[in-house]
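Indexing begins at 1, ligand by ligand and atom by atom, following the structure's order. Sequence positions, counted from 1, serve as the residue numbers for this chain. Owing to the predicted nature of the structure, the values given are computational and were not obtained by experimental measurement.
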Amino acid sequence: MHHDRMNEPVPAAALMALAAVLGDRVTTSRDLCRQHANAVSWLPVEPPEVVVWPVSTADVVAIVRIAAKFNVPLIPFGAGTSLEGHVNAPCGGIALDMSRMNRVVAVRTADLDCTVEAGVTRGDLNRHLRDTGLFFPVDPGAETATLGGMASTRASGTTTVRYGTMADNVRSMTVVLADGSVIETGTRAAKSAAGLDLTQLFIGAEGTLGIITELTLRLHPVPQAIGTVVAAFETMGAACEAAMMAVTSEPLIARLELLDALTIGAVNRKSALGLAEGPSLFIEVHGARATIDTHIEALDSLLRDAGASRCQRASALEDRTRLWRARHDAFWAVCEAWPGRSAVVSDACVPLSRLSDCIIATQADIRDYSLVAPIVGHVGDGNFHAIVMVDPSDVSEMARTNTFLDRLGRRAIAMGGTCTGEHGIGQGKRELLALQAGPALPVMHAIKRALDPSNILNPGKIF
Ligand SMILES: Cc1cc2nc3c(=O)[nH]c(=O)nc-3n(C[C@H](O)[C@H](O)[C@H](O)COP(=O)(O)OP(=O)(O)OC[C@H]3O[C@@H](n4cnc5c(N)ncnc54)[C@H](O)[C@@H]3O)c2cc1C
């Protein structure tokens with residue numbers, strides 16, 4: 001669904017109206033516009049024509065009304081770390097940079113919740129919570145990702161196996177609709193049976209249905225004790241089988257990540273960790289001080305029985321932090337290991353029982369299509385990324401990469417899974433969404449038309 005205003009510049013009257021509300025928080029600077037387009041992925045860079053910085057919900061209402069009046073596309077922008085061209089402006093228009101809406105509005109420890117403006121980053125929220133004994137668990141690799149952007153991509157991360165995705169950790173949101181009206185999607189209650197679930201409707205909507213200005217989030221107690229085990233295996237199949245056994249038998253698992261031998265090599269070069277260079281599981285357990293050691297022991301013997309050639313434990317904060325920092329930096333370690341190449345990241349997610357088959361078939365494809373593609377995965381959720389390192393100027397390699405990605409998406413769907421576990425559809429996965437959603441796709445289109453009939457909100461994404 002493209003916007004009908006293709007190739008018409010933002011009218012001068014719209015710029016004047018924006019400046020009247022925002023003063024110097026409006027720019028048409030080419031450099032700043034460029035910085036507000038897709039920066040991370042291999043997709044083309046399509047900058048907006050204008051960038052605005054709201055500081056309140058009232059500002060967002062005024063901006064949306066101006067965009068609606070002049071029929072100009074509006075592309076919400078958090079930190080721009082999304083991977084499927086989500087923040088590109090294929091029809092031009094205005095980037096709505098939420099980074100100055102960065103206040104933590106309230107932390108209510110008794111209710112295990114907090115309310116934040118949409119531009120607060122996940123890193124800043126957890127720094128703010130440091131002395132409360134609580135934390136916000138969802139941790140996509142990008143530390144600078146904003147809570148509004150994370151809700152809009154239905155993000156998840158290494159702790160999802162225990163604490164869930166954004167869909168499980170948002171109680172309610174303040175949303176500005178395409179006509180400038182403001183709604184609260186839910187309440188602060190732990191549950192509600194009142195009507196349709198509008199919170200879930202806007203989670204994962206990628207800015208196509210409304211602008212999130214505030215979120216009320218669930219918080220979790222910081223665990224009393226944490227332990228980490230890293231286990232290396234001979235084959236990816238053995239590592240996947242071990243992951244499945246671990247997740248079904250060990251109740252304290254809070255993180256369960258898989259890194260293949262190529263990724264471990266890259267991580268070792270970047271972080272000098274000296275890890276055994278085979279397919280490896282990084283596992284973290286969260287629990288009570290009195291019992292955590294028993295669980296680590298049980299996990300250790302489970303992994304060895306499942307064929308782990310080497311198990312390494314880390315319980316000191318410093319050691320754990322180094323290991324998990326290395327895991328979070330795995331994407332950058334892979335990029336550094338193949339300098340001059342660009343990363344194209346797949347995101348298949350399948351039922352756990354199909355994970356091993358899906359990864360093994362994917363590795364066969366990587367070989368058959370002569371690609372370089374290290375694999376990392378949130379395997380506790382059945383989700384993995386093949387990071388294809390491409391030379392975008394190599395036409396044949398790009399064609400092989402596209403075929404590979406299409407086959408992988410279709411394989412995941414055929415296995416009862418999804419073409420994207422956490423990154424979203426954006427511009428890159430619209431065809432696969434049509435295949436996955438089938439007769440549900442027209443329902444999504446009908447909702448989009450009902451909420452944004454002029455298609456001004458992030459046109460060219462999802463639909
Ligand atoms: C190294 C690396 C690792 C990553 N690892 C993970 C991972 O483990 N898990 C994961 O889920 N993702 C991961 N990502 C992807 C990315 O970090 C997430 O998609 C993140 O949620 C995007 O947040 P953002 O603030 O950067 O959003 P942006 O990229 O700015 O925006 C994302 C989408 O949300 C919309 N949007 C932004 N703010 C709002 C708002 N306030 N209201 C309405 N719409 C809005 C935008 O229009 C866009 O469609 C990774 C990315 C990188 C670079």
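Taking OG of Ser346 as the start and CG of Asn383 as the end, the distance is 9.0 Å to the nearest 0.5 Å.
Annotation: salt bridge (charged side-chain N to carboxylate O under 4.0 Å, His left out) contacts involving residues 197-215, sequence neighbours excluded, are absent. Applying the ring-ring contact (aromatic ring centres under 6.0 Å, His included) test to residues at least two apart or on different chains, the pairs with a partner in residues 404-423 are His385-His423.
Judged as a ring pair (Phe, Tyr, Trp, His ring centres under 6.0 Å), and not counting sequence neighbours, His128 has no contacts.
Annotation: ligand 1 has protein neighbours Val40, Pro76, Phe77, Gly78, Ala79, Gly80, Thr81, Ser82, Leu83, His86, Val87, Met98, Ala118, Pro140, Gly141, Ala142, Ala145, Thr146, Gly148, Gly149, Met150, Ser152, Thr153, Ala155, Ser156, Glu206, Gly207, Gly210, Ile211, Ile212, Phe331, Trp332, His378, Glu422, His423, Asn458, each with a heavy atom less than 4.0 angstrom from the ligand.
The aromatic rings of His36 and Phe77 are tilted relative to each other, their planes meeting at an angle between 30° and 60°.
For the pair Thr263 (side chain) and Pro374 (backbone), a donor-acceptor distance under 3.5 Å is absent.
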